[in-house]
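Hydrogens, waters and symmetry mates are skipped; everything else that's a heavy atom, side chains included, is used. Note that ligands are numbered from 1 as they come in the structure, with each ligand's atoms numbered from 1 the same way.
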Amino acid sequence: MLNETTKKLVDEITKNFAASKESISSSFGELLSLLIDKLQLSQDKKFVFLLLGKTGVGKSSTVNSLLSKEIANVGKYDATTMQVQEYEHEMNGIKCLIIDTPGLCDDIPEKANNQKYIELIQNQVKQIDLLWFVTRLDDSRVGEDEKKGIQIISEAFTPKVWEHSVIVFTRANKADDYLEELQERTKRIRDEIAKHTGHEIANKIPSVAVDNKSQTTPDGKRWLEELYTQVFIRMSERGAIPFLMATATRINKTQSNKDKREPNWTFYNNYEFETGDKEDVTSEFNVNDFVFTGIQKELIKKKIIELIPVLAVAGASVGAVVGGPIGSAIGGVVGAAVGSIFYFFS
Ligand SMILES: Nc1nc2c(ncn2[C@@H]2O[C@H](COP(=O)(O)OP(=O)(O)OP(=O)(O)O)[C@@H](O)[C@H]2O)c(=O)[nH]1
Ligand SMILES: [Mg+2]
């Protein structure tokens with residue numbers, strides 16, 4: 001049942017918009033109410049990422065890039081002991097938990113005891129919404145330590161854990177032959193994972209090449225939106241809506257800045273996030289905002305419909321409505337999320 005506040009709010013919004021836009025119908029009002037209710041229910045939920053990968057491959061850097069936040073320390077951690085390290089943060093009022101497994105993919109003596117590590121992880125990790133397997137693109141093989149890490153995770157969480165996972169290759173710009181290495185390394189890692197899950201699950205795990213020192217990969221494409229897309233569509237149902245809400249304000253901004261960008265606008269290769277001294281073609285565009293391609297928007301839309309099936313029926317009318325203004329009329333994190341959802345339908 002819809003609560004009274006939601007109903008009143010929706011009435012008000014639909015009335016205001018009806019004056020200026022004929023496409024708003026009463027069924028749209030109902031849809032909006034359901035959407036707001038669904039999002040409100042997710043407001044106190046969190047999403048959990050579990051990071052797996054050797055020391056120094058760029059796990060923390062990549063999560064920080066995606067969430068545009070210093071969530072985990074970069075480069076300072078010395079992984080010599082077995083432990084599970086958790087970083088909890090709040091973004092737009094949504095909690096996120098990043099779990100690091102230092103030592104799991106490193107050759108350290110303590111790891112001789114697999115069973116002990118499996119128990120340690122099982123006791124400490126209650127929920128995983130997405131497992132990240134992070135490795136350097138410029139490393140040619142799957143190391144013994146990485147194989148061990150894959151095995152331990154599969155045993156600790158059952159092989160089904162790989163259904164909600166992504167492979168992330170860092171240092172994309174350091175690879176000798178980018179596309180070939182991306183293809184080859186993806187295959188090798190999937191083969192390794194397949195030893196535990198079978199090929200059916202393993203071959204569906206997406207791989208994304210990133211470079212935390214650059215906005216683009218060697219093919220000149222932006223990687224941040226691709227990472228966002230794969231993370232979102234691979235995430236558990238439970239974690240996906242909170243993730244969408246946590247990042248919603250950066251998606252709405254994209255929408256409002258859309259017209260300010262030049263049509264063939266492109267980022268500079270090897271642009272350094274830290275220096276920021278190169279002149280940007282769009283001074284109002286923030287490097288942390290997302291610029292999705294049509295395909296990425298479609299993939300995200302499909303996942304949103306899986307999460308909120310009522311949107312399937314209303315697809316066309318949602319697209320016809322201006323998301324940004326409706327979002328700000330609703331306000332708060334729920335409003336931002338409504339705005340971003342409409343953006344993906346537009
Ligand atoms: N060139 C380049 N350097 C990177 C990239 N990602 C991370 N680095 C650098 O690699 C170093 C280690 O990065 P972290 O993000 O701390 O790696 P980590 O996997 O979290 O390391 P631990 O927490 O120690 O296991 C830092 O100096 C980063 O700046 C990348 O994509 N390209
Ligand atoms: Mg780290």
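The shortest N or O to N or O distance between G58 and ligand 1 is below 3.5 Å. Considering backbone and side-chain atoms together, S61 places an N or O closer than 3.5 Å to an N or O of ligand 1. At a 3.5 angstrom cut-off on N or O pairs, D100 does not count as close to ligand 1.
For the Mg ion (ligand 2), the set of nearby N, O or S atoms under 2.8 Å includes one belonging to S60.
A donor-acceptor contact shorter than 3.5 Å is absent between the side chain of R185 and the backbone of F169. Put simply, the side chain of K221 never gets that close to the backbone of T217: no donor and acceptor are under 3.5 Å apart.
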I'd like to know whether F345 forms a ring pair (Phe, Tyr, Trp, His ring centres under 6.0 Å) with Y343, so could you lay out the CA-CA distance, the side-chain angles of the two residues, the decisive distance to 0.1 Å, and finally the verdict. CA-CA 5 Å; F345 281 75; Y343 162 75; over 10 Å; no

Verdict with supporting geometry, K187 and E184, salt bridge (Lys or Arg N to Asp or Glu O under 4.0 Å): CA-CA 5 Å; K187 187 185 172 309; E184 191 55 35; over 6 Å; no

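Here is the list of ligand 1 atoms found below 4.0 Å of a heavy atom in K174: 1 (N). Remark: ligand 1 atoms within the under-4.0 Å shell around heavy atoms of S60 are 15 (O), 18 (P), 20 (O), 23 (O). For ligand 1 and D211, the ligand atoms under 4.0 Å from any heavy atom of the residue are 1 (N), 2 (C), 30 (C), 31 (O), 32 (N). Within ligand 1, counting atoms from 1 as listed, the ones closer than 4.0 Å to a heavy atom of K213 are 1 (N), 2 (C), 3 (N), 29 (O), 32 (N).
Considering every non-hydrogen atom in both S340 and L244, the closest pair reads OG-CG, 4.3 Å. The nearest pair of heavy atoms linking I205 to R190 is O-NH2, 2.7 Å.
Compare R171, Q85, R136 by their heavy atoms: the one nearest to atom 9 (C) of ligand 1 is in R171.
Between the side chains of S236 and D129, at least one donor N or O sits under 3.5 Å from an acceptor N or O.
Taking a 4.0 Å cut-off on heavy atoms, G53 fails to register as neighbouring ligand 1.
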